[in-house]
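First comes the structure, then the notes that go with it.
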Amino acid sequence: MAKEMKMTKVEDNSAGTRVKRGVLTVVINFFLWFFSLTCIFPLFWMLYSSLKEKRVFNKDIMSLPKEPTLANYTKILSNKDYRLMQSVGNSARTTILSVLLIVIIAFIVGYILSRVDFILNKPLYIMFLMGMLIPIHSLMVPIYIIFSKMGLSNHWYTLLLPYVSFALPMSIFLVQGYVKGIPTELEEAAAIDGSTFSKTLFGIILPVCKPILVTVAIINVFSCWNEFSFALILIKDRALYTVPLGLKQFTGQFSSDYPKIMAAMLITMAPIVVFYFAFSKQIIKGMVAGAVKG
C-alpha cells in the first residue's frame, strides 16, 4: 500500500508539473505573439493607409480603406519634382560603397591589430575604442565647417567620408575580437607551405572571418541607408538627396499628406526588405556566429 501511495503521489506530481509547464508555455507564447503583432501592425497600418485618400485618412486614421486606390503611388512615381527613385539610387550607391570600404578596411586593420605586434598597436587600438565613446552628433558642427572650408560638401562622395569614418571603430573592434579567436596555426601552416602575407590574409583568414564580416556589413547597411543628420547638413543639391532627405520633402510646414508619406516610405523600404529576405539565412548565421565568436 505504501508503494502504491508513493507511485500515486509521483504520478500526481508529474501530472501537475506537466500542467504547469503547459500553462507557462501558453502564457509565454501569448506574450510572444502579442509583441510580434505590435511589430507587424504598424507596417500593415502603413500599407492600408497608403491606399487611402488624404481626406479619408484624416477622417478616420485607423479604419480600413473602403475604396483602396493607388493614386498616392502613381503621383509619387510620376511627379518629377519628388525625385524619389533618384533618392533611392543615391542611397543605394552611398550604402554599397560605404559598406564595401568599411568591410575591407575593418578586416585589414582588425587583423593587423590582432596579429601584428608593433609599437603603435595598443595606441591605435585605444584610439579606435575612444572613437566608439564619442557621440557622433557632437561632431556635426566641426564636420560641417571642415567640409565647407575644404569644398567637400554637396558631392556624390561627400557622405562616404563620415559614414566610413564613424563606422570603423565598432567594425574594427568586432573583427579584431573575432580574429583573436582564430588559431594561429592556420597562418603558421600557410607560412610553411610558402604562402605570402597577402595570400594568407585574403585566401585563408578572409573566408574564416566571413561570419563577422557579414555581421559588420548588415549593421552598416541599415545604418547608412537610414542616416539623416549628416545628409541634412552636408547635402544641399536635390539631385544628391538620399532616402531620408527625399522623404522630408513630403512634410509641409503647416500640414502633411500622410497617406502619400506612407506610400513613399513603403517604396523606399522595398530595397532593404528585398535585401533582408534575399540574404536572411546569411544574416542569421552571421549574427549568431559573430555574437558567439566575437
Assess whether atom [atom1] of [X] is packed by more than 12 heavy atoms of other residues, nucleotides or ligands within 6.0 Å.
| X | atom1 | value |
| --- | --- | --- |
| L32 | CG | yes |
| Y125 | OH | yes |
| M265 | CE | no |
| F118 | CZ | yes |
| Y157 | OH | yes |
| F173 | CZ | no |
| N29 | CG | yes |
| M62 | CE | yes |

Side chains of S49 and Y258, donor plus acceptor under 3.5 Å:
no
Indicate the ring-plane relationship of F30 and F34, choosing parallel, tilted or perpendicular according to the 30° and 60° boundaries.
parallel
According to the interplanar angle, ranging from 0 to 90°, do the rings of F57 and W45 count as parallel (below 30°), tilted (30 to 60°) or perpendicular (above 60°)?
tilted
With heavy-atom distances below 4.5 Å as the criterion, would you say the side chains of [X] and [Y] are in contact?
| X | Y | answer |
| --- | --- | --- |
| I182 | R115 | yes |
| N90 | R93 | yes |
| T242 | L245 | yes |
| N121 | L113 | yes |
| F202 | I108 | yes |
| I272 | F222 | yes |
| L206 | L213 | yes |
| K236 | S153 | no |

Look only at the side chain of [X] and the backbone of [Y], and say whether a donor-acceptor pair between them is shorter than 3.5 Å.
| X | Y | answer |
| --- | --- | --- |
| T158 | L152 | yes |
| D237 | A239 | yes |
| S171 | I102 | no |
| S98 | T95 | no |
| K52 | S63 | yes |
| S195 | A191 | no |

Compare every heavy atom of [Y] with every heavy atom of [X], then report the nearest pair and how far apart it is.
| X | Y | result |
| --- | --- | --- |
| A92 | W225 | N-CZ3, 3.6 Å |
| M140 | I233 | O-CD1, 3.6 Å |
| C209 | F107 | SG-CE1, 4.0 Å |
| L234 | P162 | CD1-CG, 4.1 Å |
| V175 | G110 | CG1-CA, 4.1 Å |
| S50 | N72 | O-ND2, 2.8 Å |

Given the rule that I, L, V, M, F, W and Y join up when any side-chain heavy atoms are under 4.5 Å apart, are [X] and [Y] in one cluster?
| X | Y | value |
| --- | --- | --- |
| V216 | L97 | no |
| M85 | L70 | yes |
| I96 | Y241 | no |
| F166 | L174 | no |
| L77 | L247 | yes |

Take M269 and L43 through the side chain to side chain contact (heavy atoms under 4.5 Å, CB included) test and state the conclusion after the steps.
CA-CA 11 Å; M269 284 169 56; L43 296 176; 3.7 Å; yes
